[in-house]
Q: 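What follows is a single structure, and I will ask about it in a moment.
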Amino acid sequence: MKKLLVFALVAVMALGLAVSASAQTYKVGVSIYQFTDNFMTLYRNEIENYFKTLETDDVKFEITMADGKNDMAEQTNQIQNFITQGMDVIILNLVQTSSADAVIDQVVAAGIPLVLINREPLAYDKDGNTLDEAYEGILNNAQVCYVGADARQSGTFQGEMGAELDNKGDINGDGKVSYIMIEGDPENIDAQYRTEFSVKALKDAGIEVECLDDQVGNWDQTKGQELCANALNIYGDKVEVVFCNNDAMALGAATAIQTAGRKVGEDIYLLGVDALEEAVQLVKDGEMTGTVLNDHIGQSHAAVDVAVKLLKGEEIQNYYWVDYVKVNKAYVDAQ
Ligand code: GAL
C-alpha cells in the first residue's frame with residue numbers, strides 16, 4: 001500500500017514536470033524612450049500587467065523592460081542586445097522617430113516582429129519636414145506595426161474645450177484669445193500636432209487668436225512650471241489660455257498659476273493632455289479647465305494583443321489606433 005502511494009506521488013510529480021516543461025516561454029523585449037516620463041510609466045506598467053493576465057499553464061512571457069534614457073545611442077544598444085538575446089518580439093517606444101528606418105531594418109533583418117508604440121514615425125520630405133503620411137518602413141513590413149493615438153484628435157479636443165466655454169476663452173472681451181503654448185519634445189509628432197490642432201480648433205470655431213509665447217517644455221513638469229511662471233511674469237493678465245501639450249507640464253503650469261495668484265475658470269484657462277490621475281483631480285476641483293484622455297490602457301492592451309498575434313504567427317494590420325476622449329468638468333462630474 002505504502003509502495004503504491006509513493007508510486008502515485010512520483011507519477012503525479014512527473015506529470016507536473018512534463019506539463020511545465022511543455023509550457024512555452026516567449027521572450028519579449030520592451031524599450032521605453034524614458035522611464036521618468038509620467039505617462040509612459042503608466043503605459044509600461046500596464047504592458048507588464050496585461051502580459052501577466054494573458055499567461056496560462058502553457059504560455060508564459062519573459063519580459064525585459066529597458067530604459068532608453070532619452071538617448072538614441074543607448075536605445076540602439078538595447079535593441080542590438082534584444083537581437084543577440086533572441087527576443088521573440090520587440091515592443092519599442094522610440095527615443096527618436098528619425099531613427100525609425102535604421103531600427104526597423106535591423107530588427108526585420110533579424111527576423112523579429114516589431115511593435116512600435118507612442119511615437120509615430122512619419123514620412124519625411126527631402127528637407128526633413130514631416131509629411132502627413134503613413135510611414136513606408138511600417139507599411140512595407142508584414143511583421144511591423146504602429147500602435148498609437150492620432151495626436152491631431154487630442155489637439156482638436158483641447159481647442160474645442162476652449163471654444164466651448166461661454167466666453168470662448170476670451171476673458172477680457174477684446175475679441176481675441178491670447179494664449180501661451182507649452183510644447184513637448186518638438187521632434188515628436190504628438191507635440192507638433194497638439195500645438196497645431198489646438199489652435200486650429202479655436203480658429204475653426206471662428207475665434208481670433210494671439211500667441212503670446214510658445215516654448216518647449218519637453219513633456220516635463222518642472223519645465224512646464226518654469227515656463228508658465230515666466231510667461232505669466234512677462235504677459236500678466238494678457239494670458240487667457242495656457243495650452244500644454246501634456247498633463248505633466250500642465251500640472252507644473254497649475255502650480256505657477258496658483259503662485260501667480262491667478263484663478264483657473266475665472267481669470268485664466270488651463271488645458272492639458274493625458275488625463276493623469278492628478279490632472280483629472282484638478283479638473284474636478286476646477287483648477288484645470290480640461291485634459292484629454294490619452295488611453296494608456298487601450299494602447300498598451302492593443303500593443304500586447306498585436307505582439308501576441310505576431311508570436312502566434314497570425315496576420316496583423318500595420319496600424320492600430322486608439323481614440324482620445326475629452327475630459328472637462330462636465331465629463332468628470334458625469335463619471
Ligand atoms: C505623449 C504623452 C506625453 C509623453 C509623450 C512621450 O503621447 O502625451 O505625456 O508621454 O507621449 O512620447
Side-chain angles (χ1 to χ4, degrees), residues 20-35 37 39-69 72 74-97 99-121 134-149 295-322:
S20 62
S22 74
Q24 167 121 31
T25 300
Y26 290 110
K27 293 204 272 181
V28 183
V30 185
S31 175
I32 300 295
Y33 94 94
Q34 175 160 248
F35 273 10
D37 182 289
F39 172 73
M40 286 313 300
T41 299
L42 299 173
Y43 196 133
R44 77 182 142 92
N45 288 341
E46 191 54 30
I47 289 180
E48 287 194 298
N49 292 339
Y50 187 55
F51 262 123
K52 279 201 195 97
T53 68
L54 298 182
E55 285 192 328
T56 62
D57 288 344
D58 300 330
V59 176
K60 307 280 177 209
F61 300 103
E62 188 186 301
I63 298 161
T64 306
M65 188 69 75
D67 181 0
K69 299 187 182 146
M72 195 60 230
E74 168 90 25
Q75 190 172 51
T76 303
N77 275 337
Q78 285 164 2
I79 293 158
Q80 270 151 8
N81 288 339
F82 284 168
I83 292 173
T84 327
Q85 289 158 10
M87 292 296 172
D88 296 303
V89 67
I90 294 176
I91 298 180
L92 180 59
N93 173 209
L94 278 168
V95 170
Q96 272 171 11
T97 48
S99 300
D101 261 340
V103 170
I104 292 173
D105 284 354
Q106 268 185 327
V107 177
V108 168
I112 302 173
L114 175 64
V115 181
L116 295 161
I117 57 167
N118 173 257
R119 293 186 152 190
E120 185 192 352
Y135 190 65
E136 291 203 350
I138 293 174
L139 286 179
N140 293 342
N141 285 296
Q143 288 202 305
V144 178
C145 66
Y146 174 74
V147 176
D295 182 2
H296 70 274
I297 306 265
Q299 290 175 68
S300 54
H301 290 200
V304 171
D305 284 339
V306 69
V308 170
K309 272 183 173 221
L310 285 161
L311 289 171
K312 288 190 194 156
E314 291 174 13
E315 256 186 48
I316 57 149
Q317 295 164 212
N318 286 119
Y319 282 89
Y320 293 86
W321 298 109
V322 176

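Atom set for the values below is all heavy atoms of this structure, side chains included, hydrogens, waters and symmetry mates excluded. Quantities reported herein were computed from a predicted structural model and do not represent experimental measurements. One-based numbering along the sequence shown.
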Q: A side-chain contact here means heavy atoms from C-beta on lying under 4.5 Å apart; do His296 and Gln299 qualify?
A: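 No, every pair of side-chain atoms sits at 4.5 Å or beyond.
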Q: Could I get the full list of side chain to side chain donor-acceptor pair (under 3.5 Å) partners for Asp67, not counting sequence neighbours?
A: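 Listed in chain order: nothing, the list is empty.
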Q: Using the test side chain to side chain donor-acceptor pair (under 3.5 Å), find all partners of Ser300 that sit at least two apart in sequence or belong to another chain.
A: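 Scan of Ser300 (side chain to side chain donor-acceptor pair (under 3.5 Å), adjacent residues dropped) gives none.
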Q: Residues two or more places apart in sequence or in another chain: which of them pass ring pair (Phe, Tyr, Trp, His ring centres under 6.0 Å) with Phe61?
A: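 For Phe61 the ring pair (Phe, Tyr, Trp, His ring centres under 6.0 Å) partners, ignoring immediate neighbours, are Phe51.
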Q: Output side-chain donor-acceptor pairs under 3.5 Å for residues 137-149, partner residues at least two apart or in another chain, one line each.
A:
unit_1, atom_1, unit_2, atom_2, d
Asn140, ND2, Glu136, O, 3.4
Asn141, ND2, Gly137, O, 2.7
Tyr146, OH, Asn118, O, 3.4
Tyr146, OH, Glu120, N, 3.4

Q: List for me each residue that meets side chain to side chain contact (heavy atoms under 4.5 Å, CB included) alongside Thr56, sequence neighbours excluded, and say none if there are none.
A: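 Listed in chain order: Asp58, Val59.
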Q: Among residues at least two apart in sequence or on other chains, which ones pass ring pair (Phe, Tyr, Trp, His ring centres under 6.0 Å) with Tyr26?
A: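 Here no residue qualifies.
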Q: The criterion is ring pair (Phe, Tyr, Trp, His ring centres under 6.0 Å); which residues satisfy it with Tyr319, sequence neighbours excluded?
A: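 Partners of Tyr319 by the ring pair (Phe, Tyr, Trp, His ring centres under 6.0 Å) criterion, ordered by chain and then number, come out as Trp321.
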Q: With sequence neighbours excluded, tell me which residues meet side chain to side chain contact (heavy atoms under 4.5 Å, CB included) with Ala110.
A: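 By the side chain to side chain contact (heavy atoms under 4.5 Å, CB included) rule, Ala110 matches Ile83, Ile112.
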Q: Enumerate the residue pairs fulfilling salt bridge (charged side-chain N to carboxylate O under 4.0 Å, His left out) with a member in residues 105-119, sequence neighbours excluded, ordered by first and then second residue.
A: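 Qualifying pairs, neighbours excluded: Arg119-Asp185.
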Q: Could you note down all residue pairs passing side chain to side chain donor-acceptor pair (under 3.5 Å) where residues 306-317 supplies at least one of them, sequence neighbours left out?
A: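 Those involving residues 306-317 do not exist here.
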Q: Could you pull out all residues at least two apart from Asp88 that satisfy side chain to side chain donor-acceptor pair (under 3.5 Å)?
A: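 By the side chain to side chain donor-acceptor pair (under 3.5 Å) rule, Asp88 matches no residue at all.
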